[in-house]
Asks: 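Below are the structure tokens for one structure; questions will follow.
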Amino acid sequence: MAAEIDPNPILAECPTCERAVLAKETGALELKYDPDSPWAWRYALARCQECYGPLLLAQDDPFDRSERVWPSPEGRELSSNIPDTLRREHSEARACLKAKAYTAVAVMVRRTLEGVCADQGVTKRQPLVASLRELHQQGKIEGRLLEWAEALRALGNQGAHFTGVQVSREDATDALALAEALLDYMYVFTNQYEQFKARRSKPSSPRGDAGKAGSSQDSD
């Protein structure tokens, strides 16, 4: 059976195929914020004609240009709680992954780890592995995160020195995701947990019988 050919295909970037492909539109929503203006914005739900993966495309008027908005071309935006310097390092690592420069991803992830150590006050001239273990001794990263960080450091060393072994796409992708998780733990979830503990430690206001009921429930 011959493959279906869309008479009006959309040229789009497919993250699965990792290149520009022709996509078939399956639905659309057109938005016009000012009825007196000819300008409009259109969202098209499409399907890659090569891998059949879903794509959400944004098109401005005229609708001959498309920009992929989902899956996100840049990944999720990192929290503003993470220092700008570290977000820049991570952003460069993402750019390297998009460019298929997998060895460069490993190097940028290692730089990100070095930046975390420096930001946390571990500034002594010592190997990165010693700095990471110092963070662990200070209670800033727990055992599993230390294990992740040391694995990322080792991968970064592989990228930084000529060994004849290439960094794979899978390793680069995982390294980027693990580095992102480490940043979230250090700068987002830790702060969020401290705020949660601070709220819970404040004495609650009297609530009569309802407050007593709540207290007895907490003691269970």
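This is a predicted model, so every value here is computed, not measured. All values below come from the heavy atoms of this structure, side chains included, with hydrogens, waters and symmetry mates left out.
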Asks: Are Leu182 and Leu178 grouped together when hydrophobic residues (ILVMFWY) are joined by side-chain heavy atoms under 4.5 angstrom apart?
Replies: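 Linked, Leu182 and Leu178 end up in one cluster.
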
Asks: Are His90 and Arg94 side-chain neighbours, meaning at least one heavy-atom pair lies under 4.5 Å?
Replies: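 Touching, per the 4.5 Å side-chain cut-off.
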
Asks: Of the non-hydrogen atoms in Thr103 and Gly159, which two are nearest, and what is the gap between them?
Replies: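 Reported closest heavy-atom pair: CG2-O, 3.3 Å.
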
Asks: Looking at side-chain heavy atoms only, is the closest gap between Val116 and Leu86 below 4.5 Å?
Replies: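 Touching, per the 4.5 Å side-chain cut-off.
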
Asks: So Val167 and Val107, do their side chains get closer than 4.5 Å, heavy atoms only?
Replies: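 In short, these two side chains do not touch, never coming nearer than 4.5 Å.
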
Asks: So do Lys24 and Pro9 actually touch side chain to side chain, heavy atoms under 4.5 Å?
Replies: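 No, their side chains stay 4.5 Å or more apart.
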
Asks: If only side-chain N and O atoms count, and only distance matters, is there a donor-acceptor pair under 3.5 Å linking Gln120 with Gln138?
Replies: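 Distance-only check fails for Gln138 and Gln120.
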
Asks: Is there a path of hydrophobic side-chain contacts, each under 4.5 Å between heavy atoms of I, L, V, M, F, W or Y residues, that connects Val129 with Leu135?
Replies: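 Unlinked, Val129 and Leu135 end up in two clusters.
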
Asks: I'd like to know if the side chain of Thr190 and the backbone of Tyr187 have a donor-acceptor N/O pair within less than 3.5 Å.
Replies: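 Between the backbone of Tyr187 and the side chain of Thr190 there is no qualifying donor-acceptor contact (under 3.5 Å).
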
Asks: Does the distance from a Lys or Arg side-chain N to an Asp or Glu carboxylate O, for Glu92 and Arg88, drop under 4.0 Å?
Replies: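 Salt bridge absent between Glu92 and Arg88.
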
Asks: Is there a donor-acceptor pair closer than 3.5 Å between any side-chain N or O of Arg47 and the backbone N or O of Ala23?
Replies: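 Not at all, since once roles are kept as given, no pair shorter than 3.5 Å links the two residues.
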
Asks: Between His136 (side chain) and Ile141 (backbone), is there a donor-acceptor pair under 3.5 Å?
Replies: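 Side chain of His136 to backbone of Ile141: a pair is present.
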
Asks: For Glu89 and Met108: C-alpha separation, side-chain torsions, deciding distance, then whether side chain to side chain contact (heavy atoms under 4.5 Å, CB included) applies.
Replies: CA-CA 6 Å; Glu89 295 291 324; Met108 291 307 303; 3.1 Å; yes

Asks: Before you tell me yes or no, could you show the steps for Glu194 and Arg199 under salt bridge (Lys or Arg N to Asp or Glu O under 4.0 Å), namely the whole-Å CA-CA distance, both residues' side-chain angles and the distance that decides it to 0.1 Å?
Replies: CA-CA 9 Å; Glu194 293 300 326; Arg199 287 196 307 271; over 6 Å; no

Asks: Any side chain to side chain donor-acceptor pair (under 3.5 Å) involving residues 142-151? Give me the pairs, sequence neighbours left out, ordered by first then second residue.
Replies: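 Listed once each, the pairs are Arg133-Glu150.
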
Asks: Show your reasoning for whether side chain to side chain contact (heavy atoms under 4.5 Å, CB included) applies to Leu45 and Leu57.
Replies: CA-CA 6 Å; Leu45 179 62; Leu57 309 172; over 6 Å; no

Asks: Quick one: closest heavy-atom pair of Leu113 and Ala149, and the distance?
Replies: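 Looking at all heavy atoms of both residues, the shortest contact is CD1-O, 3.5 Å.
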
Asks: Flag yes if Leu176 and Tyr102 sit in one hydrophobic cluster, no otherwise; membership is Ile, Leu, Val, Met, Phe, Trp, Tyr, and two members link when side-chain heavy atoms are under 4.5 Å apart.
Replies: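 Cluster IDs for Leu176 and Tyr102 match.
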
Asks: A side-chain contact here means heavy atoms from C-beta on lying under 4.5 Å apart; do Arg110 and Leu128 qualify?
Replies: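 Contact flag for Arg110/Leu128 side chains = yes.
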
Asks: So do Cys48 and Thr16 actually touch side chain to side chain, heavy atoms under 4.5 Å?
Replies: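 Not in contact.
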
Asks: Which heavy atom of Ala93 sits nearest a heavy atom of Val105, and at what distance?
Replies: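 In this case the closest contact between Ala93 and Val105 is O-CG2, 3.6 Å.
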
Asks: Determine yes or no for a side-chain-to-main-chain donor-acceptor pair under 3.5 angstrom, with Ser91 supplying the side chain and Arg87 the backbone.
Replies: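 Side chain of Ser91 to backbone of Arg87: no pair is present.
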
Asks: Taking the side chain as everything from C-beta on, heavy atoms only, tell me whether Glu180 gets closer than 4.5 Å to Leu78.
Replies: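 Yes. Closest side-chain heavy atoms under 4.5 Å.
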
Asks: Where the side chain of Arg68 meets the backbone of Glu13, is there a donor-acceptor pair that is under 3.5 Å apart?
Replies: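 Present.
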
